[in-house]
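Report on the structure given below.
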Amino acid sequence: MSVRITTPFSATSTAAEVVQGIDLTSRRAVVTGGASGIGVETARALAGAGAEVTLAVRDTAAGDRTAADIIATTGNKAVFVSRLDLADQDSVAAFTADWDGPLHILVNNAGIMASPLMRTPQGWEMQFATNHLGHFALARGLHGALAAAGGARVVSVSSSAHLRSPVVFDDIHFIEREYEPWAAYGQSKTANVLFAVEGTRRWAADGITVNALMPGAIQTNLQRYVSEEELNRLRAQMGGGDFLWKTPEQGAATSVLVATSPLLDGVGGRYFEDCAEAEPNVAGSRRGVAAYALDPAAAQRLWEVTEQTLAA
Ligand SMILES: NC(=O)c1ccc[n+]([C@@H]2O[C@H](COP(=O)([O-])OP(=O)(O)OC[C@H]3O[C@@H](n4cnc5c(N)ncnc54)[C@H](OP(=O)(O)O)[C@@H]3O)[C@@H](O)[C@H]2O)c1
């Protein structure tokens, strides 16, 4: 049994605090969904520590505005914008084909949550296609660049919503079962954790580690498909009166910690929340990590199923 990783940081730490004293000069990072929500603050903290940062976004006008803002606030001019639509495999392939040179940090941050049933032209359920399949193809396409970096880190932004569903291998795309937006989100977020487990197993020999995390609850554009009434119900589930939203700067902290902290050197296949490795989930609680999300056999199976899906 490995020792659980703890750090001096907590739920209220900010991205700027966790990266303080870490020099990312000459490191190159990609942040998907870097023009909204916690992606902006993740990118800002990495740029503030000296990294070259590419915002991989589907709305490049929003990306340009964010890049200008990050350059203005950090003084780091090496902030770039590149088009990426994770639901479109051609777009992912174009992004990876365009990428040149090593990549030290890949933050798979973009995501959609609890959307109504939507499908890609291939018939893939949209949350799984965006949150998992797109990021899988992106990381796989950038594997050579990550290996070339020597000690690269891939950050897989998951959620406590993974507790809502394992990957249902018999019907990932809701062909037979009735569509349920939260089950689909939960399944995709479990896939983000399983990707960290199997990605580390396969790529650690290339110096690449992959970890997953729960950023916390942060009011962003992510809640666009969720009514106020439903949000209140979720808040009650997550601690009622004790519930506190994090700011985007606090929400980005665990991503930045996982991307940069020396305490995670050589560490992979794990799940973090509130700037520390999570404890196993206890039934009934909305904290911790589900055993099914760290299951090596499920992780390997998901990798194989994903490769078959993308090859079809
Ligand atoms: N906020 C929370 O409470 C919370 C809790 C747990 C986990 N998370 C996770 O944290 C991550 C970031 O969420 P956030 O709260 O910062 O949400 P957000 O503000 O909605 O940001 C999500 C980003 O993903 C992008 N995106 C969506 N679909 C995409 C696609 N097909 N291709 C490329 N980019 C796409 C969005 O782009 P557009 O702006 O173009 O739509 C947006 O920039 C997500 O993975 C989410 O699951 C968030």
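Just so it is clear, the model here is predicted, and its values are computed rather than measured. Atoms within each ligand, like the ligands themselves, are counted from 1 in listed order.
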| task | Would you check if the side chain of Y292 reaches a backbone N or O of L163 as a donor-acceptor pair within less than 3.5 Å? | result | yes
| field | Those atoms of ligand 1 less than 4.0 Å from some heavy atom in M214 | value | 6 (C)
| said: I need the contact type for Y185 against ligand 1. Using non-hydrogen atoms and a strict under-4.0 Å cut-off, is it side chain, backbone, both or neither? | reply: side chain
| Salt-bridge contact R233-E229 (side-chain N to carboxylate O under 4.0 Å) | no
| task | If the plane angle is over 60° it's perpendicular, under 30° parallel, otherwise tilted; pick one for F195 and W303. | result | parallel
| query | Looking only at distance, does A35 have an N or O less than 3.5 Å from an N or O of ligand 1? | reply | no
| Atoms of ligand 1, numbered as shown, that sit under 4.0 Å from any heavy atom of G37 | 16 (O), 19 (O)
| message | Check R44 with D69, please: is the shortest side-chain N to carboxylate O separation under 4.0 Å? | response | yes
| Between W245 and ligand 1, does any nitrogen or oxygen pair lie at a separation below 3.5 Å? | no
| query | Hey, are S188 and N131 close enough side-chain-wise for a donor-acceptor pair under 3.5 Å? | reply | yes
| query | Closest non-hydrogen protein atom to atom 31 (N) of ligand 1, residue and atom name please, with distance? | reply | D85 OD1, 2.9 Å
| ligand 1 and R224, any nitrogen or oxygen pair closer than 3.5 angstrom? | yes
| query | Only one of N211, L106, V258, N192 clears side-chain contact (heavy atoms from CB on, under 4.5 Å) with S156; which? | reply | N192
| request: Would you indicate whether D100, at its atom CG, is surrounded by more than 12 heavy atoms from other residues, nucleotides or ligands within a distance under 6.0 Å? | output: no
| Any side-chain donor paired with an acceptor under 3.5 Å for H132 and T306? | yes
| message | Any atom of ligand 1 sitting under 4.0 Å from a heavy atom of S158? | response | yes
| field | Shortest protein heavy-atom distance from atom 40 (O) of ligand 1, along with the residue and atom involved | value | R58 NE, 3.0 Å
| message | Less than 4.0 Å is my threshold; does some heavy atom of K189 fall inside it relative to ligand 1? | response | yes
| message | Can you see whether F169 has R301 sitting over its ring - NZ or CZ less than 6.0 Å from the centre and within 45° of the normal? | response | yes
| Among protein heavy atoms, which lies nearest atom 16 (O) of ligand 1, and at what distance? | I38 N, 2.9 Å
| query | Looking only at N/O atoms, are A217 and ligand 1 under 3.5 Å apart anywhere? | reply | no
| Could R83 and D98 be called an ion pair, given the rule that one side-chain N must be under 4.0 Å from one carboxylate O? | no
| Taking the minimum heavy-atom distance to atom 23 (C) of ligand 1, which of G33, S160, G251 ranks first? | G33
| Any donor-acceptor N/O pair, S158 side chain to K189 backbone, under 3.5 Å | yes
| task | Please work out whether any backbone atom (N, CA, C, O) or any side-chain heavy atom from C-beta onward of M113 is under 4.0 Å from ligand 1, and answer side chain, backbone, both or neither. | result | neither
| request: With heavy atoms only and a cut-off of under 4.0 Å, state how A62 meets ligand 1: side chain, backbone, both or neither. | output: neither
| query | Counting only heavy atoms, which portion of L86 has something under 4.0 Å from ligand 1: side chain, backbone, both, or neither? | reply | both
| task | Could you tell me whether R28 and E52 have a side-chain N and a carboxylate O separated by less than 4.0 Å? | result | yes
| query | Under 4.0 Å from ligand 1, counting heavy atoms only, is it the side chain of Q223, its backbone, both or neither? | reply | side chain
| query | Are any of the side-chain nitrogens in E273 or R287 under 4.0 Å away from the carboxylate oxygens of its partner? | reply | yes
| With atoms numbered from 1 as shown, which atoms in ligand 1 lie under 4.0 angstrom from a non-hydrogen atom of T130? | 28 (N), 29 (C), 30 (C), 31 (N)
| query | What protein heavy atom sits nearest atom 22 (C) of ligand 1, and how far off is it? | reply | G111 O, 3.7 Å
| query | Looking only at heavy atoms of G216, does any of them come nearer than 4.0 Å to an atom of ligand 1? | reply | yes
| Which residue holds the protein heavy atom closest to atom 3 (O) of ligand 1, what is that atom called, and what is the gap in Å? | I218 N, 2.8 Å
| Nearest neighbour of atom 34 (N) of ligand 1 from the list A110, S36, A114, S159, on a heavy-atom basis | A110
| Charged N to carboxylate O below 4.0 Å: is that the case for K246 and D274? | yes
| field | Nearest neighbour in protein (non-hydrogen) for atom 8 (N) of ligand 1 | value | P215 CG, 3.5 Å
| task | Go through ligand 1 atom by atom and flag the ones less than 4.0 Å from a non-hydrogen atom of A87. | result | 31 (N)
| field | Polar side chain donor-acceptor pair, W182 to E230, under 3.5 angstrom | value | yes
| field | Closest candidate by heavy atom, reference atom 15 (O) of ligand 1, pool N221, T220, N131 | value | T220
| request: For ligand 1, note which part of I112 has a heavy atom under 4.0 Å away: side chain, backbone, both or neither. | output: side chain
| Note: E307-R140 ion pair, threshold 4.0 Å (strictly below) | yes
| task | Name the closest protein heavy atom to atom 11 (C) of ligand 1, giving the residue it belongs to and the distance to 0.1 Å. | result | N109 O, 2.9 Å
| Proximity to ligand 1 by part of L84, non-hydrogen separation under 4.0 Å | backbone
| request: With sequence neighbours left out, write down each residue that passes side chain to side chain contact (heavy atoms under 4.5 Å, CB included) with S10, or none if nothing qualifies. | output: T12, S13
| remark: The closest protein heavy-atom partner of atom 10 (O) of ligand 1 is V157 CG1, 3.4 Å
